[in-house]
Amino acid sequence: MIIKGRTKVKEALSSSDYGKEFTLKGWVRTRRGSRNVAFIALNDGSTINSIQVVADVPVFGEELLKKITTGSCISVTGVLKESMGKGQNVEIVANKIEVYGTADPSAYPLQKKGHTLEFLREIAHLRPRTNTFGSILRIRHALAFAIHNYFNDKGFYYIHTPVITGADAEGAGEMFRVTTLDLSNPPMTNENKVDFSEDFFGKEANLTVSGQLEAELGALALSEVYTFGPTFRAENSNTPRHLAEFWMIEPEMAFYDIDDNMDLAEEFLKYLLVYILEHCREDLEFLNKMYDKELIERISHVVEKKFERITYTEAIDILSSSGRNFEFPTNWGADLQSEHERFLVEEHFKRPVTITDYPKTIKAFYMKQNDDNKTVRAMDVLFPKIGEIIGGSQREEIMERLVSRIEELGISKDDLWWYLDTRRFGTAPHSGFGLGFERLMLFVTGMSNIRDVIPFPRTPKNAEF
Ligand code: ATP
Ligand code: MN
């Protein structure tokens, strides 16, 4: 396929049309060679592999070749040949080279190989040009595509929930305010509080922490829906697993109970992992070689194993009798910490674990209450190396129970009138969950810091690019 007069490197590399002329465009990874011949490794992002361009020095002249340094952008027209050299099957023998953009070797930050991931974070605008980030971005794309594919095939509808929300009761964490008020001189009420009735939306507004409440409105009309969008949490937690802006996939299904919800989560995760194993092999092999020698094995292992399903109470029993000295307490009622989650997954069960029936005190108001009056029908899916990757629940569909929980927690009922209307009119049993896209990316790429699996990470004190 020739687009805009060029063939992609990926296609040229798998071609055996020897003798045929191709035009390739891309960025130079390296140039080496002798007085007579230059070898240029050219990459256009279509694959991790670069194609070797062979250029006759006397033909093109020193002057032109001098401009072709690491990071420069060129167009090459040449003939495809079987390669005699090691490490590639084909090469392009150049007939014509055009330089689109040079990259001064004394200034280009990616002049040398082998930069640390920390350094690359400081040049997030250029890191897509590295093999590592090329792989990560291609996998990220494939994963997003597979998510839509999965739900589309199952008849779920993609609904777009708002990024700006006036509901401050979502309850999933600290929010970022959205305002057009003059912060140095805001309008004040008689009680000397900021008067948000003068603000853009006539009330307080924030960036959403989750699309769930709105997705529920969709599920109670279209049966099975999902959201996939950015969510924002102003948690000041500088951990390798938290971002201030991250993407979340939130399916919400009418007529699903907690077991159906667990089945869906497991099938969905396995589908995505199989998709990546099948479609991103070269990138996975690269990451496996460079960063995590057990990556492909770990992904395959999760695909093969039935996820363990236990209750929170059972989890506490296992942790308490493990003989382990955990940093955080393991008494009934305490939230599970990452050390506990990883013990259960990596050491005790050696497979993903879905935990249900958490104490209601550590979970959100909308979760379905069990008859014991102590626990709710929550489910967290825990993964090796990651800990919590999915958080979900069956939702409380009974109006009286939902309202009593809202009141117990001191949440403003008035702000949720629209949500409560779904329980008032044609309520139905329903369930859903939220999958953190970047947590899944961590698992699939073997990266250990969440800042390295999103193009432009937003974390405390960091929004440069
Ligand atoms: P955690 O306890 O790990 O902070 P949470 O209980 O706050 O997670 P939920 O509110 O249940 O998470 O959100 C659903 C999913 O979104 C989580 O399972 C996780 O995969 C992901 N997630 C939550 N917070 C973040 C964050 N700050 N950055 C990236 N992903 C996140
Ligand atoms: Mn959190």
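First listed ligand is number 1; within each ligand, the first listed atom is number 1. Since the structure is predicted, the reported quantities are computational estimates derived from the model, not experimental observations.
Contacts between Val209 and ligand 1 below 4.0 angstrom, taking non-hydrogen atoms only, are absent altogether. Only the side chain of Glu235 comes within 4.0 Å of ligand 1, judged by heavy-atom distances. With a 4.0 Å heavy-atom cut-off, ligand 1 is reached by the side chain of Arg233 but not by its N, CA, C or O. Under 4.0 Å from ligand 1, the heavy atoms of Ile450 that appear belong solely to its side chain.
Phe465 and Phe456 have tilted rings, their planes meeting at an angle from 30° to 60° on a 0 to 90° scale.
Looking at Glu388, Glu245, Gln337, Glu438 and measuring to atom 18 (O) of ligand 1, the nearest heavy atom belongs to Glu388.
Applying the salt bridge (charged side-chain N to carboxylate O under 4.0 Å, His left out) rule to pairs touching residues 141-163 yields Lys154-Glu267, sequence neighbours excluded.
Relative to the six-membered ring of Phe196, Lys203 misses at least one condition, a distance below 6.0 Å or an angle of at most 45° to the axis.
When each atom of ligand 1 is checked for a heavy atom of Ile390 under 4.0 Å away, the hits are 18 (O). Remark: ligand 1 atoms within the under-4.0 Å shell around heavy atoms of Arg241 are 28 (N), 29 (C). Per-residue contacts place Gly434 under 4.0 angstrom from the following atoms of ligand 1 (heavy atoms of the residue considered): 14 (C), 15 (C). Atoms of ligand 1 found under 4.0 Å from any heavy atom of Gly391 (numbered from 1 in listed order, with element): 11 (O), 18 (O).
Applying the side chain to side chain donor-acceptor pair (under 3.5 Å) criterion to Ser321, with sequence neighbours excluded, gives no partner residue.
For Asp317 and Ser320, the side-chain atoms include no donor-acceptor pair closer than 3.5 Å. Defined by atom type and a distance below 3.5 Å, a donor-acceptor pair is present between the side-chain atoms of Ser135 and Asp283. Trp247 and Thr231 form no side-chain donor-acceptor contact under 3.5 Å, judged by distance and modelled atom types alone.
Polar contact with ligand 1: absent for Phe246 (N/O pair, distance under 3.5 Å). For ligand 1, none of its N or O atoms has an N or O atom of Leu435 under 3.5 Å away.
Looking at Glu252 and Arg395, a side-chain N of the basic residue comes within less than 4.0 Å of a carboxylate O on the acidic one, giving a salt bridge.
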